[in-house]
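Note that the numbering runs from 1 along the sequence shown for the chain. Just so it is clear, the values below take in all heavy atoms, side chains as well, and ignore hydrogens, waters and symmetry mates.
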Amino acid sequence: MITISMDMLQTAALAMILFLLGRFIVSRVEFLQRCCIPAPVVGGLVFAIVHLVTYQMNWMEIEFDETLRVAFMNFFFTSVGFGASFKLLKKGSVAVLLFTALATVLLVGQNIIGVVIAPLFGESPLLGLCMGSIPLVGGHGSSASWGPVFTTDYGVMGAEVVALACATYGLVAGSLMGGPLGRAKIKKYNLTPDMKEVEKDSGLGEPETVYTTRSEKLDSDTILDGFVLIVIASGVGTYITNFCASIHITLPTYIGSLLVALIIRNIADATGRELPLKAIDVMGNTCLNVFLGIALMTLKLWQLASLALPIIVILALETVWMFLFANFVVFKAMGGDYEAAVMTSAICGFGMGATPNAMANMLTIRNRFGPAPKAFFVVPLVGGMFIDLVNTGVIILFVNFLK
């Protein structure tokens with residue numbers, strides 16, 4: 001077998017070529033667009049499958065230098081921290097806190113399913129976490145960051161491959177489940193927008209999160225300022241992560257950087273200083289695409305062969321749990337009205353996939369049945385800000401309990 005080694009720049013270059021391939025494929029496949037499958041995921045999976053074939057045929061194996069992947073992963077999660085403004089909780093705080101609490105119950109349930117079922121197949125409960133909220137609520141970003149931690153620190157082989165595979169499934173499942181479930185509630189209870197409430201809630205405006213930031217200029221200065229803030233927060237944050245490691249608390253490498261960014265953002269809010277949020281958003285999304293491109297193309301899919309059965313069983317149970325929770329708990333807890341139906345469709349989106357999936361589910365319903373301003377305020381705020389923080393905290397608790 002031929003072994004090819006790529007340095008960090010060659011690895012990044014190949015990842016970006018595959019990103020362009022993925023974007024080309026997504027632009028021509030409506031299903032991928034509807035399910036909000038990211039371009040680097042598509043391109044990376046195509047390459048990973050080709051690599052699987054060459055490996056299985058004993059032709060070629062490629063070794064990658066993933067140094068830049070770690071750097072861009074930290075930069076992306078740092079940008080998420082800059083989106084976390086607790087000042088915005090004052091607007092619609094009851095609905096935001098309630099929806100956050102519901103999402104927390106959902107992700108704890110996802111982790112319990114993974115942790116309980118995985119040992120029945122002779123696998124580590126930590127591998128079960130890689131089929132729980134890490135991929136389903138956390139998505140590809142969380143999967144690609146936690147997977148190496150489990151493999152390197154705890155010897156859970158195939159953790160990253162499993163998590164990324166489950167994250168890809170979740171994107172599709174969340175998109176396919178959310179829209180029909182929301183529409184079914186609207187039809188069953190003959191729900192329509194309450195125009196008095198719509199007029200009142202329209203004053204909420206769109207929250208400033210990593211997904212929706214207010215309009216501001218983008219030029220070389222603001223982009224540079226945004227990147228400088230990301231790099232500073234990333235560097236300072238490593239001291240927090242290293243300190244936690246010294247007292248035997250397991251954290252992903254990015255959590256310290258995310259916390260520093262969160263502190264900077266809220267100090268700026270309290271002192272009236274403006275941050276280049278749009279530039280930070282753009283830089284964060286750019287880093288995410290580079291990070292995912294490298295993570296997906298370096299997958300060793302041959303590690304999935306022995307894990308196929310537990311993955312199928314656990315994902316089936318996770319899907320049932322998502323449907324039952326959204327259908328019987330979320331809808332009633334959020335008020336049982338039209339806005340609740342829209343938020344029911346949304347929680348399927350980011351409960352199994354990502355916030356863009358939730359937004360796509362809501363847009364489909366809004367375009368057909370009418371406006372839902374409260375849902376469009378609450379969901380981006382929870383999905384783009386609070387759920388990542390909560391999910392990280394819950395995962396850390398599970399990891400440190402199970403290790």
Side-chain angles (χ1 to χ4, degrees), residues 8-27 32-33 36-45 47 64-84 138-145 164 167 171 208-235 237 252-255 257-258 260-262 264-265 275-298 353-357 359 380 383-385 388:
M8 65 178 185
L9 293 179
Q10 293 165 344
T11 299
L14 178 58
M16 292 302 91
I17 292 172
L18 294 172
F19 164 75
L20 295 175
L21 172 64
R23 189 163 63 180
F24 174 81
I25 295 173
V26 170
S27 68
L32 297 177
Q33 297 175 30
C36 303
I37 307 296
V41 172
V42 176
L45 282 177
F47 179 84
F64 301 97
D65 183 333
E66 301 183 36
T67 302
L68 288 179
R69 163 185 151 162
V70 176
F72 281 103
M73 176 187 72
N74 282 337
F75 293 159
F76 163 66
F77 280 104
T78 302
S79 73
V80 174
F82 279 110
H140 288 88
S142 181
S143 300
S145 61
L164 288 168
L171 287 173
E208 297 170 19
T209 71
V210 72
Y211 296 102
T212 55
T213 52
R214 61 186 175 78
S215 176
E216 61 181 31
K217 67 177 183 177
L218 273 179
D219 55 26
S220 59
D221 288 335
T222 57
I223 291 176
L224 177 60
D225 290 344
F227 188 66
V228 166
L229 286 170
I230 289 174
V231 173
I232 291 174
S234 296
T253 57
Y254 65 79
I255 191 64
S257 304
L258 186 151
V260 171
L262 182 152
I264 294 174
R265 169 64 191 272
L275 298 177
L277 296 178
K278 189 66 176 179
I280 290 173
D281 185 16
V282 171
M283 295 303 302
N285 286 331
T286 301
C287 293
L288 174 62
N289 281 291
V290 178
F291 159 49
L292 286 182
I294 297 175
L296 269 293
M297 80 175 190
T298 56
T355 300
N357 297 75
M359 300 302 292
M385 182 190 302
D388 284 332

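Scanning both residues, Gly293 and Pro40, for their nearest heavy atoms gives N-CB, 3.6 Å. For the pair Met8 and Asp65, the tightest heavy-atom approach, listed with the atom from each and the gap, is N-CB, 3.4 Å. The two residues Asp388 and Gly383 come nearest to each other via the heavy atoms OD2-O, 4.2 Å. The shortest heavy-atom contact between Gly139 and Ala167 is C-CB, 3.9 Å. Taking each heavy atom of Tyr254 and Ser145 in turn, the nearest pair found is CE2-OG, 3.2 Å.
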*Using the side chain to side chain contact (heavy atoms under 4.5 Å, CB included) rule, take Ile294 and Met73 through it: C-alpha gap first, then chi angles, then the decisive distance, then the call.*
CA-CA 10 Å; Ile294 297 175; Met73 176 187 72; over 6 Å; no
*Starting from the C-alpha separation in whole Å, work towards a yes-or-no answer on side-chain hydrogen bond (donor to acceptor under 3.5 Å, both in side chains) for Thr222 and Asp219.*
CA-CA 6 Å; Thr222 57; Asp219 55 26; 3.2 Å; yes
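How far CZ of Phe64 is from CE of Met297: 4.5 Å, rounded to the nearest 0.5 Å. To the nearest 0.5 Å, the span separating OG on Ser257 from CZ on Phe77 amounts to 11.0 Å. Taking SG of Cys287 as the reference point, atom CD1 of Ile280 lies at 11.5 Å (rounded to 0.5 Å).
Side-chain contact between Ile223 and Ser220: absent, with no pair of heavy atoms (C-beta onward) separated by less than 4.5 Å. Contact of the Leu14 side chain with the Phe47 side chain is registered, since non-hydrogen atoms from C-beta on lie closer than 4.5 Å.
Shown here are the side chain to side chain contact (heavy atoms under 4.5 Å, CB included) partners of Ala233, two or more places apart in sequence or in another chain: Thr78, Phe82, Val260, Ala261, Ile264. Not counting sequence neighbours, the partners of Phe227 by the ring pair (Phe, Tyr, Trp, His ring centres under 6.0 Å) test are Phe75. By the side chain to side chain contact (heavy atoms under 4.5 Å, CB included) test, Leu9 is found to be paired with Asp7, Leu68, residues two or more places apart in sequence or in another chain being considered. A search for side chain to side chain contact (heavy atoms under 4.5 Å, CB included) contacts involving Val42 returns Ile25, Val26, Leu32, Ile37, not counting sequence neighbours. In this view, Phe72 satisfies the ring pair (Phe, Tyr, Trp, His ring centres under 6.0 Å) rule with no residue, not counting sequence neighbours. Not counting sequence neighbours, the partners of Ala144 by the side chain to side chain contact (heavy atoms under 4.5 Å, CB included) test are Arg69, Glu160, Leu164, Phe291, Ala295.
Put simply, the side chain of Asn357 gets close to the backbone of Leu171: a donor and an acceptor are under 3.5 Å apart. Ser27 places a side-chain N or O within donor-acceptor distance of the main-chain N or O of Phe24, the cut-off being under 3.5 Å.
Under 3.5 Å, the side chains of Asp281 and Asn285 contain a donor-acceptor pair of N or O atoms.
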